[in-house]
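Predicted model, so just to flag it, every value in this text is computed and none were measured. Numbers for residues simply follow the sequence, beginning at 1.
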Amino acid sequence: MEYTMKIEPLGQFKAWGKGLETLNTVRERGGLVKLTELCESFFGDSIPTDTDIYDWLWFDSDFIYKSLGYDDLLD
């Protein structure tokens, strides 16, 4: 059995921990639509799990910030 859920924009995703920090940063800067588009592009045709999205938000935050033009947040 497969269960899928459409979340649009990504701002409705129930993130936690470091992933939530990344999501909140993007939310505060008004980039949720661009983040959603970036997420769709990143995962392509595959359907990511909640954990996949969370891991992407946490571990790829530098990639996300760079892609959205938030160079001031890069390490």
Please report the shortest heavy-atom distance between [X] and [Y], naming the atom on each side.
X     : Y     : value
Trp56 : Leu10 : CZ3-CD2, 4.1 Å
Leu23 : Gly11 : CD1-CA, 4.3 Å
Phe63 : Phe42 : CE2-CD1, 4.1 Å
Arg29 : Asp72 : NH2-OD2, 2.7 Å

How long is the gap from [atom1] on [X] to [atom2] on [Y], to the nearest 0.5 Å?
X     : Y     : atom1 : atom2 : value
Tyr70 : Asp62 : OH    : CG    : 14.0 Å
Ile53 : Lys14 : CD1   : NZ    : 13.0 Å
Thr22 : Phe59 : OG1   : CZ    : 10.5 Å
Trp58 : Ile64 : CH2   : CD1   : 13.5 Å
Leu35 : Leu57 : CG    : CG    : 6.0 Å
Glu21 : Ser61 : CD    : OG    : 9.0 Å

Subject >> Asp55/Lys18 ion pair, N-O < 4.0 Å >> reply: no
Original post:
Cluster question for you: counting only ILVMFWY and a side-chain heavy-atom cut-off of under 4.5 Å, with indirect links fine, are Leu68 and Leu20 together?
Top reply: no
Original post:
Is Trp16 reachable from Val26 through a run of hydrophobic residues whose side-chain heavy atoms are each under 4.5 Å from the next?
Top reply: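 Yes; tracing contacts between hydrophobic side chains, which count when under 4.5 Å, links both residues.
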Subject >> Residues Tyr54, Thr49; criterion side chain to side chain contact (heavy atoms under 4.5 Å, CB included); working and verdict >> reply: CA-CA 9 Å; Tyr54 169 74; Thr49 65; over 6 Å; no
Original post:
Do the side chain of Arg27 and the main chain of Leu32 share a donor and acceptor less than 3.5 angstrom apart?
Top reply: no
Original post:
Can you find a heavy atom in the side chain of Asp71 that is under 4.5 Å from one in the side chain of Tyr65?
Top reply: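 No - every pair of side-chain heavy atoms lies 4.5 Å or more apart.
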